[in-house]
Peer 1: 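Could you have a look at this structure, given as structure tokens, before my questions?
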Amino acid sequence: MGATGLTCRECKAPYGLEARYVCDRCFGPLEVAYDLDTTLDVDERRRRIQAGPQNIWRYSDFLPLEAPPGPSARTLSRTGLPAGCTPLIRADRLADHLGLREVWVKNDAANPTHSFKDRVVAVGAARAREMGYDVLACASTGNLANAVAAQAAALGMESYVLIPSDLEEQKVLATGVYGTNLIKVRGTYDDVNRLCTELSGERENWAFVNVNIRPYYAEGSKTLAYEIAEQLGWRVPDTIVCPIASGSLYTKIAKGFEEWLALGIAEGSAPVMHGAQALGCSPVAGAWAEGKDVCRPVKPDTIAKSLAIGNPADGPYALDLARRSGGSIASVDDEEIRAGIRLLAETTGVFTETAGGVTTATLAKLAEEGTIDPDESVVLVITGEGLKTLDAVRDTFTSFEIDARLDSFLDAVESVGAAT
Ligand SMILES: *Cc1c(COP(=O)(O)O)cnc(C)c1O
Ligand SMILES: [Zn+2]
């Protein structure tokens, strides 16, 4: 494996590849460090990737695993539920609507449990297996719960999934179905996360994917960048618009592009990174607007529950990335989120959950303000599925109910002046 250890993001203290997530010296977060062989030529690297399976394990050279799972479906009990290789769709109708030239939708709802969380969980769970854990656990805003429960089922591991008790019913049902231990906590995600941090000290044989395994888990998000570059013919787009909850996805997508640019696998330059938050939970966008480099925690109140983290772990790194990439971090309110969901659906045929509404509405806002140049190539990162947050679109359109008779149809349709 190319991973050599963990490094503190603050004081750069080195650690081994252990189940550890904070620095002993300064309490900074730890990140996986690699020593990638720069002698391999670019064509050889690209050939290795293209010869790999149609999932994230084609990028195993850049992931922190000793023995990456193989491609064979027959070894499912050892390899788990593979994620990735989701469509990158050219969205010309959306681009026309926004006055832009080149817009792509990376539809990560097309994963096994319908969100990008399958990527991070696949990597976190595979690493947890290597480290000898047999229980998988998480603190979730919804989609992570789905992904952990499903991945544990595929691997034959026991799982404990802790969620805030007010989650969307669709997400609760789509978690419980996998036979996990589903625990609804009366409180916000930040309360759930605090509880899990405490629990991870108590339950030493549990791999909390986003607590004690977090450095490994977070690396899974880089595969989104690798895929975008590969799908664009080894090219890095000019601009990315990406949602922010903890800030992990946003910062890791940038890390993925930086790694491939440094190795010459992808061509171009580091993209401008725009982050998107829901106004009702916008600690990072708030800090950005005030020119601060740390976030003040907030109490979430938004329909974008999957992004409702009031105290984002990677907030300062997200702010730093927005600054050094020439990007921004914006927020949109609940009505704009609903409109964003409808805009994406009506112009691309992709139905996204509230987080995707946040991202799409943010792109629309940036295009309108002229923050995004009409000639830039833009990738909109759509992270989750609309069927999981149906309430967000309830009553946003009309329909007719008629008798099964021609006159009834004509009456109903003509009364609203619809096209005949
Ligand atoms: C978890 C999640 C995100 C963002 O996650 P980060 O914590 O910022 O990595 C974005 N969209 C959806 C749908 C999610 O479930
Ligand atoms: Zn440190």
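Remember, it's 1-based here, ligands and their atoms both numbered in the order they're listed.
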Peer 1: Salt-bridged, Glu102 to Arg235, with N to O below 4.0 Å?
Peer 2: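 Salt bridge: yes.
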Peer 1: Can you establish whether the number of heavy atoms outside Glu44 located under 6.0 Å from its atom CD is more than 12?
Peer 2: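 Yes, the 6.0 Å shell around CD holds more than 12 heavy atoms from other groups.
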Peer 1: Crowded around Glu368 CD? As in, over 12 foreign heavy atoms under 6.0 Å?
Peer 2: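 Count not over threshold, so no.
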Peer 1: Taking the six-membered ring for Trp, are Phe62 and Tyr226 closer than 6.0 Å centroid to centroid?
Peer 2: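 Ring centroids of Phe62 and Tyr226 are less than 6.0 Å from each other.
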Peer 1: Tabulate distances under 3.5 Å between N/O atoms of ligand 1 and N/O atoms of the protein, writing both atom names on each line.
Peer 2:
residue: ligand 1; atom: 7 (O); partner: Ser246; partner atom: N; Å: 2.9
residue: ligand 1; atom: 7 (O); partner: Ser246; partner atom: OG; Å: 2.6
residue: ligand 1; atom: 8 (O); partner: Ala245; partner atom: N; Å: 2.8
residue: ligand 1; atom: 8 (O); partner: Ser246; partner atom: N; Å: 3.1
residue: ligand 1; atom: 8 (O); partner: Gly247; partner atom: N; Å: 3.0
residue: ligand 1; atom: 9 (O); partner: Leu249; partner atom: N; Å: 2.8
residue: ligand 1; atom: 11 (N); partner: Thr383; partner atom: OG1; Å: 2.7
residue: ligand 1; atom: 15 (O); partner: Lys117; partner atom: NZ; Å: 2.9
residue: ligand 1; atom: 15 (O); partner: Asn143; partner atom: ND2; Å: 2.8

Peer 1: Assess whether a salt bridge exists between Glu353 and Lys305, defined as any Lys/Arg side-chain N lying under 4.0 Å from an Asp/Glu carboxylate O.
Peer 2: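 Salt bridge between Glu353 and Lys305, a charged N being under 4.0 Å from a carboxylate O: no.
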Peer 1: With the threshold set at 4.0 Å, does a side-chain nitrogen-carboxylate oxygen contact exist between Arg127 and Glu18?
Peer 2: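 Not counted as a salt bridge, because no side-chain N and carboxylate O are separated by less than 4.0 Å.
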Peer 1: How wide is the angle at the Zn ion (ligand 2) between SG of Cys23 and SG of Cys26, to the nearest 10°?
Peer 2: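 With the Zn ion (ligand 2) as the vertex, SG (Cys23) and SG (Cys26) sit 120° apart.
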Peer 1: Which angle, to 10 degrees, forms at the Zn ion (ligand 2) with SG of Cys8 on one side and SG of Cys11 on the other?
Peer 2: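 Result: 110°, to 10°.
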Peer 1: So which of Asn146, Thr352, Thr113 actually passes side chain to side chain donor-acceptor pair (under 3.5 Å) with Lys388?
Peer 2: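 Testing Lys388 for a side chain to side chain donor-acceptor pair (under 3.5 Å) against Asn146, Thr352, Thr113 leaves exactly one candidate, Asn146.
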